[in-house]
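Side chains are part of it too, since the values below use all heavy atoms of this structure and drop only hydrogens, waters and symmetry mates. Position 1 is the first residue of the sequence; numbering continues from there. Counting starts at 1 for both ligands and their atoms, in listed order.
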Amino acid sequence: MRTELIHLDREHPDREAIERAGRVIRRGGLCAFPTETVYGLGGDALNPEAARKIYAAKGRPSDNPLIVHIADPERLPAIAAVLPPAADKLMDAFWPGPLTIILPKKELVPDATSGGLPTVAVRMPADPVALQLIRASGGYIAAPSANASGRPSPTSAAHVMQDLSGRIEMVLDGGETEIGLESTIVDLTEEIPVVLRPGFINRDMLERVLGEVHLDPGLTDAGKDSGIRPKAPGMRYRHYAPSAPLYVIEGEEEAVIAKLKELALSAVRAGLRPGIIASDMTAPIYAGVLPEGKSLICAVGDRKEDRTIARNLFRTLREFDDGDVDVIYSEAFDTPQLGMAIMNRLLKAAGHQVIDAGGFFKHWEQ
Ligand code: TXA
Ligand code: MG
C-alpha cells in the first residue's frame, strides 16, 4: 500500500483534504494525524475491523486498548455507561486538551477497541486538525500513538512515515507536536481517581480540580518491587527503547555531571561511541571534555522550562537510533512540573537501568 502524505496548515487545514481523510476512516481505513501531544494512528473506533488493522499496522498486542477521541463532549454519553461528577469537572477544566479519562463503556464500543476491557478511554484533543478530522470521520476515532510498537511516540509526520509508511492509507502532516508526551490518563472507575499515566496535566493540576488523586502504584519503584503491575496495559510493556543500552544517571547536579563525564570518557577509551542526553546548560560541559567526533551529545531542553524537555525527548531518543552510538547516558530530569511524566518515559526507555551518582536527589515520584 502506498501511504499518502498530506501537508496541512495546522490552524487553517484544507477542508477538502480533511474530508478525504474522513472518508478513508469511515470506509474502515487508517489515517495518522497530529494532536497536541503526539501523532495518533486513527481508525473508526466503532468498527472492530479498523481496530484490528490498527493493531496489525503497529505490531501491537491486541489486548492493549485504544483511546477513543471525540471532538464534542456531547458525544461522550453514547460510549460511557456512567458519568461521575469527577468526569464533568475534568472535562470543564482540561478539555479539549492532553487528558484521557477512563469510564465504564457502553455496548457501542467494540471489544476490539477496548482490548476486551469493560471500560473505555476517552479524550478530546485540542489540535484543530484532529478535531476537524474526528468530525469528518463520524465522531469517534480510535487512535494509539502512531509509532511502530516499541518505538518512541512520533512528534512529527516524518516519524510516522519512518515507522508506518506502506502500512496505512494516509498521514496528515500538521508540523511538530506542541507537548511531545502522550496524554495524562486518569481512571475514574475507582472511588478515588487514579493517574494511570503521568503527562502534561500533572497531579497538582488534577488535585486542584478533584481533591485527592492517587498515582497507580504499578508506576512507582515501591509498587514494582512488590510486584504490582500498572493498570493501563500499555504501561506494562518496555517502550521507546533505543537500540543502544540507555542508563539514567540520578543524583545531585554536580555529582551527575561528574559521573556522566567519567562514564562517557571511559566508554571512549574502550573504543565505544557514547551518546549523552543533557540539558541545554550542561551539554557544552560534556562537549568540552570529550574528544571531538567520538560521541553524540544531545541537548534536550531547558530545566527551567521543562516543557521544552518534554517536547524534545522522543525526537532525541529517535536521533540516537540514527546516530550510531554504542551506549547512551542520560541525566535524570526531575523537574517540578513535568518531571514525573518525563522520568516515566525516560526510565521506560532505559528499561529502568539507573546509576546513582550520589548526593541529594529530589525523587521524581514524590
Ligand atoms: O496523547 C495520547 O494519549 C495519544 C494521542 C494520539 O491521543 N494516544 C496514545 O495512545 O498515547 P496509546 O494507545 O499509545 O496509549 C494508550 C494507553 C495505553 O497504555 C493503554 O493501555 C491505555 O492507554 N488504555 C487505553 N484504554 C484503557 C482502559 N480502558 N483502561 C486502562 N488503560 C487503558
Ligand atoms: Mg503509545
If you count the atoms of ligand 1 from 1 in the order shown, which ones are under 4.0 Å from a heavy atom of [X]?
X: R60; value: 12 (P), 13 (O), 14 (O)
X: L117; value: 28 (C), 29 (N), 30 (N)
X: T119; value: 28 (C), 29 (N), 30 (N)
X: I67; value: 3 (O), 8 (N), 9 (C), 10 (O), 16 (C)
X: S183; value: 1 (O), 2 (C), 3 (O)
X: H69; value: 5 (C), 6 (C), 7 (O)
X: G40; value: 6 (C)
X: E182; value: 1 (O), 2 (C), 11 (O)

- Which residues pass the salt bridge (Lys or Arg N to Asp or Glu O under 4.0 Å) test with R23, sequence neighbours left out?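 R23: no salt bridge (Lys or Arg N to Asp or Glu O under 4.0 Å) contacts found.
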- Applying salt bridge (Lys or Arg N to Asp or Glu O under 4.0 Å), name anything that partners R2, two or more places apart in sequence or on another chain.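 Residues passing salt bridge (Lys or Arg N to Asp or Glu O under 4.0 Å) with R2: none at all.
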Can you tell me the protein heavy atom closest to [atom] and the distance?
atom: atom 9 (C) of ligand 1; result: S145 N, 3.7 Å
atom: atom 24 (N) of ligand 1; result: P65 CG, 3.7 Å
atom: atom 20 (C) of ligand 1; result: N64 OD1, 3.2 Å
atom: atom 19 (O) of ligand 1; result: G234 CA, 3.1 Å
atom: atom 15 (O) of ligand 1; result: R197 NH1, 3.1 Å
atom: atom 28 (C) of ligand 1; result: I102 CD1, 3.5 Å

- Task: Check the surroundings of atom CZ in R229: do more than 12 heavy atoms from other residues, nucleotides or ligands lie under 6.0 Å from it?
- Result: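 Counting neighbours around CZ of R229, 12 or fewer heavy atoms of other residues, nucleotides or ligands fall under 6.0 Å, so no.
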- Taking atom 32 (N) of ligand 1 as the point of reference, which of A232, P34, G115 owns the nearest heavy atom?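 Heavy atom nearest to atom 32 (N) of ligand 1 belongs to A232.
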- Query: Does a donor on one side chain and an acceptor on the other come within less than 3.5 Å for R307 and Q337?
  - Reply: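 Per modelled atom types, R307 and Q337 side chains form no pair under 3.5 Å.
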- Check: T37/R123 side-chain N/O donor and acceptor closer than 3.5 Å: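 Their side chains do contain a donor-acceptor pair, which is all the 3.5 Å distance test asks for.
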- Query: Where does D187 meet ligand 1, judged by heavy-atom distances below 4.0 Å: at the side chain, the backbone, both, or neither?
  - Reply: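 Neither; nothing of D187 gets under 4.0 Å from ligand 1.
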- Do any pairs count as a salt bridge (Lys or Arg N to Asp or Glu O under 4.0 Å) and have a residue in residues 144-160, sequence neighbours left out, and if so which ones?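 Listed once each, the pairs are R151-D163, R151-D321.
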- Query: What are the protein N, O or S atoms, given as residue plus atom name, that sit under 2.8 Å from the Mg ion (ligand 2)?
  - Reply: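 Protein N, O or S atoms closer than 2.8 Å to the Mg ion (ligand 2): S145 OG.
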- T3 vs E169, side-chain hydrogen bond (donor to acceptor under 3.5 Å, both in side chains): CA-CA, chis, key distance, verdict: CA-CA 5 Å; T3 301; E169 278 83 353; over 6 Å; no
- Query: Would you say K231 has any N or O atom under 3.5 Å from an N or O of ligand 1, going by distance alone?
  - Reply: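 N/O-N/O distance under 3.5 Å: no.
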